[in-house]
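Below, chain A is the first sequence line, B the second, and so on; all start at residue 1. Here the structure is a predicted model, which is why all the values come from computation and not from measurement.
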2 protein chains.
Amino acid sequence: MGKKTADHAERRPLTRELIVQTSIAIIERDGAKALTMRKIATELGVGVMSLYNHVPNKDELLAAVAESVLAGLDVPEREAGPDQDWKLHARAMAGAFRAVAHRYPRSMHLVLTSPAGRMAGGRTAERALALFAAAGFDAATAVNALCAFMSYMIGAQMLEEGALSMTGRPPEDHLDADAEIDLDEIPRVVELADELMRVDPDADFEYGLEMLLCALDRLPRGASKV
Amino acid sequence: MGKKTADHAERRPLTRELIVQTSIAIIERDGAKALTMRKIATELGVGVMSLYNHVPNKDELLAAVAESVLAGLDVPEREAGPDQDWKLHARAMAGAFRAVAHRYPRSMHLVLTSPAGRMAGGRTAERALALFAAAGFDAATAVNALCAFMSYMIGAQMLEEGALSMTGRPPEDHLDADAEIDLDEIPRVVELADELMRVDPDADFEYGLEMLLCALDRLPRGASKV
DNA sequence: TAAATCTTGTTTACGTTGTACGTAACGTGG
DNA sequence: CCACGTTACGTACAACGTAAACAAGATTTA
């Protein structure tokens, strides 16, 4: 009957969640700047404007993508209370963040980049703050610890992504014609370039994380210090 | 005579550097996504395609912007050699980075975000590596220190920028209609929201920086340990 | 000197983007 | 039966990046 039912995709009822998931898939496959309303539509086998029945505009769609990606940050979350080994939980949170960052690297870039993504990270910040509070930090110190913790998380992720995009790779989503002043006047960088890319990023990350956690552990704390 | 000489801008001979500077001005004034080839052209009082005589395409222009912004990172740079107070130099580098980030916040966001920007940071990485080498770290440790240092720099900057964009402000370059799940289930965050925005970001930054530097100082080092 | 080439800017035009608008198929309650 | 809201579709438009052809001065070459 239907003379133009989709030929290349299953015909699910086109809900908002489906649009978001398809968007994530496209971002991971073709890069963030290749995410187009028309592309989503054809991928789903529907008209372009049909998407706007479920999503008000593209920015909101990106926000929904960010939220969906961060929704995968469900670290088991123990019960609250004084915790004598708060570093273990901090490591778990960092690991969870790292896991989703590895599963959806490009979408995670979008999350870290856009202000909507930072907003969606509110719940994660909440959990981290609870953790620091349980560790015995007072309010001001907990905020400082949270800032340092998140700074390292975000920066390390973006740094690793940038380092990976530097190592040859067929440049897919970013410009490739920027080899003009390279390798000329940065002897130490090229000398240590192999060192930079030899070390697996996970080890680098863990190294800095341990350093940060130890530093945090030396901060003044309140009652629940075991 | 010229019946259509520009009325709103001086008529300099339209060099590449002028285009870059105008782009930076537009980015800082109207946001990064408002930077348009046509806008640059009208701002300079020339036709759109005239720009393409000095810049191959928009991506390269953005790369040039990134490079130009990072060119302001000229920390006085002492002579190389064993340095007994390397932390002082590290603080100087952090301060220089912070200064340009405060002078061109939106352009700096572009730098941190785009891979071209990370590339342009090569010279800065070079200097930091030299610093860590002079401090007595071996190659592997210096790379680890550099990663941690840059991670904190980048993350702290993006975090501060995100925090600033959260505090009410008339949303200029980012979406504003994302108030849906806020303030409901994040009690600790809203409880400490004022704490989060009361502390001036500089103090927060210095706090984490000192922590990081002290942690780095405890890493194993070679001969030049004073 | 005159011709050829390069530089610098303009004009026109094309393809792609996000999305506003009008319309048709669809169930569901009167 | 109809009116109705919800959902999907096709058309249309303004703004975008930029390729191509062209014009006019500056510079080089014969």
Side-chain angles (χ1 to χ4, degrees), chain A residues 1-20 22-23 26-27 30-65 110 114 116 171-178, chain B residues 1-20 22-23 26-27 30-65 110 114 116 173-178:
Chain A
M1 313 84 169
K3 64 171 177 292
K4 57 171 57 178
T5 54
D7 47 352
H8 39 42
E10 60 273 46
R11 177 46 61 103
R12 300 215 290 281
L14 183 55
T15 171
R16 170 188 171 105
E17 184 59 21
L18 208 173
I19 295 178
V20 170
T22 305
S23 301
I26 293 179
I27 290 178
D30 304 330
K33 71 184 310 182
L35 182 69
T36 295
M37 288 304 205
R38 290 172 159 84
K39 193 157 196 170
I40 303 172
T42 58
E43 196 99 355
L44 287 169
V46 302
V48 194
M49 294 315 290
S50 307
L51 304 174
Y52 285 88
N53 287 323
H54 307 266
V55 170
N57 53 52
K58 192 183 182 184
D59 282 335
E60 287 259 16
L61 171 59
L62 290 182
V65 164
L110 198 151
S114 79
E172 306 157 17
D173 69 330
H174 65 278
L175 28 84
D176 54 348
D178 47 346
Chain B
M1 312 89 167
K3 62 171 179 293
K4 56 169 57 178
T5 55
D7 47 352
H8 39 42
E10 60 274 48
R11 177 48 63 102
R12 299 214 291 280
L14 184 53
T15 172
R16 171 188 171 106
E17 184 59 22
L18 208 173
I19 296 178
V20 170
T22 305
S23 302
I26 293 179
I27 290 178
D30 305 330
K33 71 184 308 182
L35 182 69
T36 296
M37 288 307 217
R38 298 179 209 273
K39 194 159 194 169
I40 303 172
T42 58
E43 196 99 355
L44 288 169
V46 300
V48 194
M49 294 313 290
S50 307
L51 304 174
Y52 285 87
N53 288 320
H54 307 266
V55 171
N57 53 53
K58 193 183 183 185
D59 283 335
E60 286 259 15
L61 172 59
L62 290 182
V65 164
L110 198 151
S114 79
D173 69 330
H174 66 279
L175 27 84
D176 54 349
D178 48 346

>> Just the rounded figure in Å: distance from P of C:dG9 to CG of B:Leu44.
In response: 10 Å
> In Å, rounded to the nearest 0.5 Å, how long is the span from OG of B:Ser23 to NZ of B:Lys39?
Replying inline: 11.5 Å
> In whole angstroms, how far is the C1' atom of D:dG5 from the CG atom of A:Asn53?
Replying inline: 12 Å
> Given C:dT7, is OP1 or OP2 found less than 4.0 Å from the side-chain N or O atoms of B:His54?
Replying inline: no
>> Over the length of the helix from C:dT1-D:dA30 to C:dG30-D:dC1, how much do the five-pair end axes diverge, rounded to 10 degrees?
In response: 20°
> Rounded to the Å, how far apart are A:Arg16 CZ and D:dT7 P?
Replying inline: 13 Å
>> For a quick check, with a 4.0 angstrom heavy-atom cut-off, what is the B/S/- contact string for nucleotides 13-20 of chain C, read 5' to 3'?
In response: ----BBBB
>> What's the separation between atom CG in A:Leu51 and atom CE in A:Met49, rounded to the nearest 0.5 Å?
In response: 8.5 Å
> For A:Gly47 and A:Ala41, which heavy atoms make the closest approach, and how far apart are they?
Replying inline: O-CB, 3.6 Å
> What are the two closest heavy atoms between A:Lys58 and A:Leu35, and how far apart are they?
Replying inline: NZ-O, 2.9 Å
>> What is the distance, to the nearest angstrom, from the NZ atom on A:Lys33 to the P atom on D:dC16?
In response: 16 Å
> Nearest heavy-atom pair of A:Asp30 and A:Ala34: which atoms, and what distance?
Replying inline: O-CB, 3.4 Å
>> Would you compute the distance between atom CD of B:Glu43 and atom CD1 of B:Ile26 and round it to the nearest 0.5 angstrom?
In response: 4.5 Å
>> Expressed as a whole number of angstroms, how long is the span from B:Leu51:CG to C:dT11:P?
In response: 14 Å
> For the atom pair CD1 (B:Ile27) and CG (B:Leu62), what is the distance rounded to the nearest 0.5 Å?
Replying inline: 6.5 Å
> Say you draw a straight line from NE2 of B:His54 to CG of B:Leu18; how long is it, rounded to the nearest 0.5 Å?
Replying inline: 9.5 Å
